[in-house]
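In what follows, a single structure is set out as structure tokens and then discussed.
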Amino acid sequence: MDYATFLRSQWQDLLDAWLGLDSAVGMPLAWIALPDMSWVQKLAEPGFPGGGGRWSPLPGTSPTEALMRHDARSRPQLWVRPEDKAEGDGRYAAYWAAFVKQLGHEAPASEVAGRKLAVDHLFPETAAARRGWLLVRTMPVDRRSNSLLGSTTEKVDANRGGVHRPRKATALTIAKVTGFQGSFARRHDPKAIAAALLAHLRACGLRVPDNVLLPDDEEGGMIAGLIGFYRR
């Protein structure tokens, strides 16, 4: 498998889990942040929602820094210790390169299909680091999408406290993974952003089965509410 195909599969796997396609009852199970070791253990349990599969060390890396996970369907994931962006040294990009090499794929490219990429934590790394959380899931995402989200909602998250519990991907996570180019700035109406994001998801080139999303007014209302949460 070439690198571009592998990366696309990483994006599709996350999207499938967010859409609830991994669950017999349609439950979103896209885990992206774990606060402590107890949750690592839970995700190894077949009976836990989204659990099963196995964890393994990333060769040449301390298990306190990064772990590989193969989920119940043997799909690979990379999880790393979050670092405060102000103090970080970008080592998770090196972990991603080691992960890709371990899986036998081509070396990571900084641009795929015309999209400039940045290796990023799917849950804001600064927020997770300041809360003392253990691991966050990592993969390359569209660089501009990441900046648009990071300069608005993620900046807010970094300066908030947080309940000690794991996190799943949200529509905003999916926005940067799928390359959404819209702005989340306060000058834009949350409902308009939500409508644009839904249109983008259906046209982004990844698989979104018909009728898996709620009607636009309901799905869009939830997304707009989430955006509003970061504007309080």
Side-chain angles (χ1 to χ4, degrees), residues 3-19 28 30-33 77-80 82-83 85 88 90 92-93 95-97 99-100 108-129 136-159 167-208 213 216 219-220 222-231:
Y3 179 68
T5 302
F6 167 68
L7 184 55
R8 183 183 177 87
S9 73
Q10 288 275 297
W11 295 335
Q12 185 69 61
D13 291 346
L14 184 79
L15 179 60
D16 286 352
W18 177 71
L19 290 170
W31 299 104
I32 60 171
Q77 303 171 0
L78 177 64
W79 292 73
V80 304
E83 58 184 15
K85 193 180 292 290
Y92 44 89
Y95 296 156
W96 177 261
F99 170 67
V100 170
S110 60
E111 185 173 322
V112 170
R115 292 172 61 181
K116 294 182 178 179
L117 304 172
V119 179
D120 194 61
H121 296 81
L122 298 184
F123 184 85
E125 65 265 46
T126 299
V136 290
R137 192 172 170 194
T138 302
M139 68 175 64
V141 298
D142 183 282
R143 184 177 293 276
R144 184 170 185 271
S145 298
N146 189 41
S147 295
L148 288 167
L149 194 62
S151 63
T152 52
T153 58
E154 292 188 0
K155 185 177 291 186
V156 172
D157 236 336
N159 295 306
R167 295 293 197 273
K168 298 178 185 177
T170 69
L172 305 188
T173 316
I174 299 302
K176 70 177 182 178
V177 169
T178 59
F180 180 61
Q181 300 293 303
S183 170
F184 291 89
R186 288 179 178 271
R187 65 180 179 275
H188 299 299
D189 178 12
K191 291 183 179 179
I193 299 172
L197 176 55
L198 287 172
H200 161 78
L201 290 178
R202 294 189 176 97
C204 71
L206 296 176
R207 184 180 64 257
V208 179
L213 293 168
D216 281 7
E219 196 79 50
M222 290 193 296
I223 296 172
L226 180 61
I227 295 169
F229 170 78
Y230 287 99
R231 296 183 176 183

In Å and rounded to the nearest 0.5 Å, what is the [atom1] to [atom2] distance from [X] to [Y]?
X      : Y      : atom1 : atom2 : value
His121 : Thr173 : NE2   : OG1   : 13.5 Å
Phe123 : Arg167 : CZ    : CZ    : 5.0 Å
Leu7   : Leu117 : CG    : CG    : 6.0 Å
Leu14  : Met139 : CG    : CE    : 5.0 Å
Phe184 : Leu148 : CZ    : CG    : 7.5 Å
Asp13  : Trp18  : CG    : CH2   : 15.5 Å

Are the side chains of Glu125 and Tyr92 in contact, using a 4.5 Å heavy-atom criterion?
yes
State, with a plain yes or no, whether a side-chain heavy atom of Gln10 is found less than 4.5 Å away from one of Leu78.
no
Look at the rings of Phe6 and Phe99 and say which category their plane angle falls in: under 30° parallel, 30 to 60° tilted, over 60° perpendicular.
tilted
Quick check against the 3.5 Å criterion: does Arg137 have a side-chain atom that pairs as donor or acceptor with the backbone of Ile32?
no
Can you name the closest pair of heavy atoms from Leu226 and Ala171 and give their distance?
CD2-N, 4.3 Å
Shortest non-hydrogen contact from Asp216 to Arg202?
OD1-NH2, 2.8 Å
Verify side chain to side chain contact (heavy atoms under 4.5 Å, CB included) between Val177 and Leu15, making sure each step is shown before the conclusion.
CA-CA 9 Å; Val177 169; Leu15 179 60; over 6 Å; no
Salt bridge Arg143-Asp120, side-chain N to carboxylate O under 4.0 Å
no
Just to verify, what does Gln181 make a side-chain hydrogen bond (donor to acceptor under 3.5 Å, both in side chains) with, not counting sequence neighbours?
Asp142, Arg144, Ser145
Intermediate values then yes/no, side chain to side chain contact (heavy atoms under 4.5 Å, CB included), Val119 and Thr138:
CA-CA 7 Å; Val119 179; Thr138 302; 3.5 Å; yes
What pairs of donor and acceptor atoms, side-chain ones from residues 188-200 against any protein atom, are under 3.5 angstrom apart with sequence neighbours left out?
from   : atom 1 : to     : atom 2 : distance (Å)
Asp189 : OD1    : Lys191 : N      : 3.2
His200 : NE2    : Thr178 : O      : 3.1
His200 : NE2    : Thr178 : OG1    : 2.9
His200 : NE2    : Phe180 : N      : 3.4

